[in-house]
Amino acid sequence: MSQMLWIISLIPDMFWTLLLGAGVLAIVASYLLGKIPFVQQYKIPLRVGGVVAVLIGVYFYGVIANEAKWQARIKELEEKVAVAEAKSTETNTVIKTEVVEKVKVVKERAKTQIEYIDRVVKGDTVTITKDMSETERAGFKKKQEELERAIKMCPVPQIVIEEINKAAAGVKQ
Amino acid sequence: MKYLAFVMVLALTACNSVPIKQKFPEAIPELKEKCPDLKQIEGNSVAITDLLKSVVTNYNMYYECGLKNDGWNKWYIEQRKIYESVK
């Protein structure tokens, strides 16, 4: 049916107006000219043809109006979809940038902290203490010595390692 | 009656549907990355600082994964809002 409608859509809209007009004229003529003896014999075919022409004309008037309405709706939706797609791409870019930047900060912070721990363990604390006051430096020195003692004297018990590893392993699916 | 039925069927042939489909957007690849497994402590004789480093690494991995999860939630809420705005 859609192919048929497509073929019919190639016919200019003016044709249906003319058909409707011709149909009305034919009906009117069948009544007015019916009294003339020679025309009288064509009265019925003229009337039937007129009614058929009016019906077809009205139907295709409806088709044209309906088509115009749907075309307008399609255009409206196409515009909305285009706007939504642009907005969606923009949102994706914003969220991606946000996540990538934050993850970078977290990774950087982890790296800095691990480097700090390594420096403290190795005793390479010049860069750490360079901006500290005397009191702060003394406090830091005390903490460093405490850590050194803990490293030498307190190895982590095996059961602690096992339990931590167990927790880190989580539940495998 | 049969003429009326014919006219109604004929009238229905003029009906159409809007041939427009809206696609739900593709997710951000960075958000689709799987969260890594937490770091395990290796070896029998482990110094307290190795334990500390492992804890620091795992905490940061959690935050990294948490950020991606927050990103997913935000992405879904925002994209759904946009998707539903087309009607």
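Order of the sequence lines fixes the chain letters, A, B, ..., with proteins taken first and strands second; residue numbering starts at 1 for each chain.
The hydrophobic cluster containing A:V48 also contains A:L19, counting ILVMFWY residues as joined when their side-chain heavy atoms lie under 4.5 angstrom apart, directly or transitively. In this structure, B:W72 is not a member of the same hydrophobic cluster as B:M61, with clusters built from ILVMFWY side-chain heavy atoms closer than 4.5 Å. In the hydrophobic cluster analysis, where Ile, Leu, Val, Met, Phe, Trp and Tyr join through side-chain heavy atoms closer than 4.5 angstrom, A:I151 is grouped together with B:L51. Hydrophobic cluster membership is shared by A:V63 and A:I56, with clusters built from Ile, Leu, Val, Met, Phe, Trp and Tyr side chains linked at under 4.5 angstrom. A continuous path of Ile, Leu, Val, Met, Phe, Trp and Tyr side chains, each step under 4.5 Å between heavy atoms, connects A:V58 with A:V24, placing both in one hydrophobic cluster.
When B:T57, B:I48, B:T49 are compared by the number of non-hydrogen pairs under 4.5 Å with chain A, B:T49 comes out ahead. Ranked by heavy-atom pairs under 4.5 Å with chain B, the list A:N92, A:V156, A:V103, A:I117 is led by A:N92. With chain A as partner, the option from B:L31, B:L38, B:I41 having the largest number of non-hydrogen pairs under 4.5 angstrom is B:I41. Of the listed residues (A:K166, A:K152, A:K102), the one with the most heavy-atom contacts under 4.5 Å to chain B is A:K102.
In this structure, no portion of A:V105 lies under 4.5 Å from any heavy atom of chain B. Only the side chain of A:K107 has a heavy atom closer than 4.5 Å to any heavy atom of chain B. When heavy atoms are compared at a cutoff of 4.5 Å, B:K39 approaches chain A solely by way of its backbone atoms N, CA, C and O. Proximity to chain B is limited to the side chain of A:V121, based on heavy atoms less than 4.5 angstrom apart. Residue contact with chain B, scored on non-hydrogen atoms closer than 4.5 Å, involves the side chain of A:L147 exclusively. Heavy atoms of B:E42 lying under 4.5 Å from chain A are absent altogether. Both the backbone and the side chain of A:E78 come within less than 4.5 Å of a heavy atom of chain B. Interface remark: B:E64 contributes backbone and side-chain atoms alike to the contact with chain A (heavy atom separation under 4.5 Å).
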Next on the checklist: Could you walk me through whether A:K111 and B:N60 satisfy the side-chain contact (heavy atoms from CB on, under 4.5 Å) test, starting with their C-alpha distance in whole Å, then the side-chain angles of each, then the deciding distance to 0.1 Å, before giving a yes or no?
Outcome noted: CA-CA 10 Å; A:K111 196 181 154 210; B:N60 283 292; over 6 Å; no
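Residue A:R119 places its CZ atom among more than 12 non-hydrogen atoms of other residues, nucleotides or ligands, all under 6.0 Å distant. Surrounding NZ of A:K122 are at most 12 heavy atoms belonging to other residues, nucleotides or ligands under 6.0 Å away. Within a 6.0 Å sphere centred on OH of A:Y42, heavy atoms belonging to other residues, nucleotides or ligands number 12 at most. Atom CD of B:E26 has 12 or fewer neighbouring heavy atoms from other residues, nucleotides or ligands inside a 6.0 Å radius. For CG of A:L32, the number of neighbouring non-hydrogen atoms (other residues, nucleotides, ligands) closer than 6.0 Å is greater than 12.
Residues B:G43 and A:I161 come closest through the heavy atom pair O-CD1, 4.4 Å. Closest of all the heavy-atom pairs between A:I95 and B:G71 is CG2-O, 3.9 Å. Across every non-hydrogen atom of A:A110 and B:V56, the tightest pair is O-CG1, 4.5 Å.
The structure places CZ of A:R109 at 11.5 Å from OH of B:Y59, a figure rounded to the nearest 0.5 Å. Distance check: A:N165 CG to B:S54 OG gives 7.0 Å after rounding to the nearest 0.5 Å. In this structure, the separation between OG on A:S88 and CZ on B:F24 is 8.0 Å, given to the nearest 0.5 Å.
Counting heavy atoms from C-beta outward, B:W75 and A:K96 have side chains that stay 4.5 Å or more apart. Looking at heavy atoms from C-beta onward, A:V81 lies out of side-chain contact with B:K23 at the 4.5 angstrom threshold. The closest side-chain heavy-atom distance from A:T91 to B:Q79 is below 4.5 Å. A 4.5 Å side-chain heavy-atom check between B:V46 and A:V160 finds every atom pair outside the cut-off.
A salt bridge links A:E98 with B:K74: at least one charged nitrogen is closer than 4.0 Å to a carboxylate oxygen. By the 4.0 Å N-to-carboxylate-O rule, A:D118 lies close enough to B:K53 to be salt-bridged with it.
B:E33 meets the salt bridge (charged side-chain N to carboxylate O under 4.0 Å, His left out) test with B:K68; sequence neighbours excluded.
Taking 4.5 Å as the heavy-atom cut-off, none of the residues of residues 130-146 of chain A approach chain B.
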